[in-house]
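Keep in mind that this is a model prediction, so the values were computed, not measured. Lettering of chains follows the sequences in order, A, B, ..., and the numbering in each one begins at 1.
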Amino acid sequence: MKHVKSITVENLTKIFGNFTAVDNISFDVEQGEIFGFLGANGAGKTTAMKMLCGLLMPTSGTARIAGFDIYKESEKIKRNIGYMSQRFSLYEDLSIIENIDFYAGIYGLEKKEIRNRTNEMLEKLNMKSIKNEMLSSLPLGWKQKLAFSTAIIHKPEIVFLDEPTGGVDPITRRGFWELIYEYAYSGMTIFVTTHYMDEAEYCNRISMMTEGRIAALGTPAKLKSDYNAIDMNEVFIKIAEVKRK
Amino acid sequence: MNTVVEVENITKTYNTTCAVDNINLSVIKGEIFGLVGPDGSGKTTLIRMIASLIKQNSGKIKVLGFDNVKDYKSIRKVIGYMPGKFSLYQDLTVEENLTLFATIYDSDIRTNYHLIEDIYSHLEPFKDRQAGKLSGGMKQKLALSCSLIHKPELLLLDEPTTGVDPVSRRDLWKMLKKLINFGITTIVSTPYMDEAALCDRIALFQNGRILESNSPNEIIGKYENLLYKVKSYNNYLTLQALRRFSNDSLVYPFGESLHLVLEKNDSGIDLIQEYIKKQNIGLVSFELIQPTIEDAFILLMQTKNSEIL
């Protein structure tokens with residue numbers, strides 16, 4: 001299998017006044033990889049992610065997202081990525097189909113294309129018969145799957161997931177990850193930011209940020225063995241404690 | 001009397017939604033009792049009824065012998081309650097919030113400082129900062145300090161670790177463990193399965209009902225099925241292959257690997273391994289392992305669901 005990079009980041013830095021939020025980070029994400037981007041609150045995750053999504057200009061360093069340069073082609077980046085957050089993705093007072101239409105429109109799809117992809121999606125999610133139901137009446141797990149599907153309705157190369165499965169039951173959570181596996185296998189790159197360590201365990205590789213830097217990067221298995229830890233939770237604590245000393 | 005909280009046949013509905021559906025449980029003095037389950041499973045509603053903040057439609061709750069409806073004033077004197085949503089005064093400083101809570105209960109910060117010392121010491125350097133300007137983890141630590149400063153007999157914590165990073169979570173749990181030494185009983189709700197193992201006893205919540213209530217070890221001990229950890233190069237392909245082998249086998253992603261559940265007398269693992277070998281998906285290993293609370297929860301949910309069907 002040929003390895004194509006969906007994301008390449010080199011020496012990326014963001015300074016606000018005299019505060020360095022992101023301090024010279026470098027990493028790559030391969031196409032079809034599920035990449036976990038972890039760190040405590042205030043470690044610089046959000047700032048880094050905003051730069052990767054083309055929403056914030058870096059102070060220095062370079063990055064290419066889906067083949068586009070973050071300085072010169074931020075509009076193209078926005079059209080070629082999807083974004084899903086557990087909290088603000090969908091409108092509770094719109095129906096399922098209205099939510100889908102709305103997102104498809106935002107991503108600039110043609111009318112005919114919208115119809116095709118909406119049908120395709122309703123079919124896949126098994127929501128055809130309930131497409132006119134208000135979102136607020138759906139169980140959380142269904143909302144999550146729908147939120148993910150609308151985030152990728154324009155078939156982006158990369159999708160950013162922000163704490164996608166917090167607060168759901170173990171079976172629903174696994175249903176969601178199975179969906180993610182399926183899309184990753186078909187070649188979509190999945191970039192997950194979270195501070196839930198058990199979500200991190202589902203990723204192929206993980207980077208751990210502390211104080212603006214990437215303190216560790218590797219597969220969950222490698223990080224666990226490097227830090228002699230039983231789970232990612234312990235890895236996180238050990239990395240944070242090294243910092244404290 | 002050893003029982004601190006007695007919940008009997010409690011039901012609570014909001015309009016047409018049944019939030020808590022005929023629940024029974026009892027909490028013993030000095031234990032950490034965990035209400036474990038996803039959002040919307042009834043944990044918060046139950047805590048609010050125990051705290052005497054809302055009334056049930058039917059059933060009975062006794063807290064330290066007091067009735068949660070009739071004796072609500074007595075209950076409020078002996079409990080400490082930390083809601084899931086940050087509810088302190090954002091425009092008061094850290095110290096002002098703590099003083100306020102102590103004063104309401106006719107106490108002061110010094111009297112029970114030993115109870116909160118471990119976590120409040122992290123906050124002390126910021127004692128003049130407005131509560132609204134603290135980070136998420138700091139807010140939780142302050143809220144917990146405020147709920148403890150009057151030395152309650154029963155501490156009710158509604159998802160104290162949600163949105164908190166692993167280091168602060170660990171600090172918080174260390175402190176809860178220490179409270180046992182002071183005879184304080186704790187009821188804590190959490191959506192995190194890994195925190196279940198830190199409780200003395202837990203109740204697993206799903207759709208307003210309790211699937212199982214016991215100590216974590218006993219819940220795991222009751223797990224009779226065979227559980228295999230399945231490691232492979234590609235979880236997605238392996239999952240598909242296992243489902244092809246048998247439509248009704250219970251197999252699910254579990255972190256880096258998959259978990260496969262077989263009936264306790266099922267000797268089919270050899271057949272499965274043989275089948276998987278022929279699927280051209282690389283090396284796949286099967287290891288018989290001990291279940292976690294999460295595996296137990298999944299099996300219980302699965303069993304309940306098929307009972308309904």
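Counted within 6.0 Å of NZ on A:K224, heavy atoms from surrounding residues, nucleotides or ligands total more than 12; the atom is thus considered enclosed. B:K177 NZ: more than 12 foreign heavy atoms inside a 6.0 Å radius. Other residues, nucleotides and ligands contribute at most 12 non-hydrogen atoms within 6.0 Å of the CG atom of B:N217. Other residues, nucleotides and ligands place no more than 12 heavy atoms under 6.0 Å from the CD atom of B:E263. The local environment of CG in B:D128 is crowded, with over 12 non-hydrogen atoms from other residues, nucleotides or ligands closer than 6.0 Å. Counting non-hydrogen atoms of other residues, nucleotides and ligands closer than 6.0 Å to OH of A:Y185 gives a total of 12 or fewer.
In this structure, CZ on A:F236 lies 11.0 Å from CZ on B:R170, to the nearest 0.5 angstrom. In this structure, the separation between CG on A:L179 and OH on B:Y236 is 9.5 Å, given to the nearest 0.5 Å. Interatomic distance, A:I171 CD1 to B:L300 CG, rounded to the nearest 0.5 Å: 9.5 Å. To the nearest 0.5 Å, atoms CG (B:N234) and OH (A:Y181) are separated by 9.0 Å. Between A:N233 atom CG and B:E195 atom CD the span is 8.5 Å, to the nearest 0.5 Å. Note that the CD1 atom of A:I230 and the CG atom of B:D194 stand 9.5 Å from one another [nearest 0.5 Å].
In this structure, B:I298 and A:R174 have side chains that are in contact, with non-hydrogen atoms separated by less than 4.5 Å. Within the 4.5 Å cutoff, side-chain heavy atoms of B:D39 are placed close to those of A:L140. The shortest side-chain heavy-atom distance between B:M193 and A:D198 does not fall under the 4.5 Å cut-off.
When heavy atoms are compared at a cutoff of 4.5 Å, B:P166 approaches chain A by way of both its backbone and its side chain. With a threshold of 4.5 angstrom between heavy atoms, B:D295 does not approach chain A through any atom at all. Only the side chain of B:Q206 comes within contact range of chain A, with heavy atoms under 4.5 Å apart.
The heavy-atom pair separating B:P38 from A:D169 by the smallest distance is CB-N, 3.2 Å.
For the set A:P220, A:A221, A:G175, the entry with the most heavy-atom pairs within less than 4.5 Å of chain B is A:P220. With chain B as the partner, the residue from A:E234, A:M197, A:E182 showing the most heavy-atom pairs under 4.5 Å is A:E182.
Residues of residues 252-259 of chain B placed with any heavy atom under 4.5 Å of a heavy atom in chain A are listed by number as B:Y252, B:P253, B:F254, B:G255, B:E256. Contacts between residues 279-291 of chain B and chain A, defined by a heavy-atom separation under 4.5 Å, are made by no residue at all.
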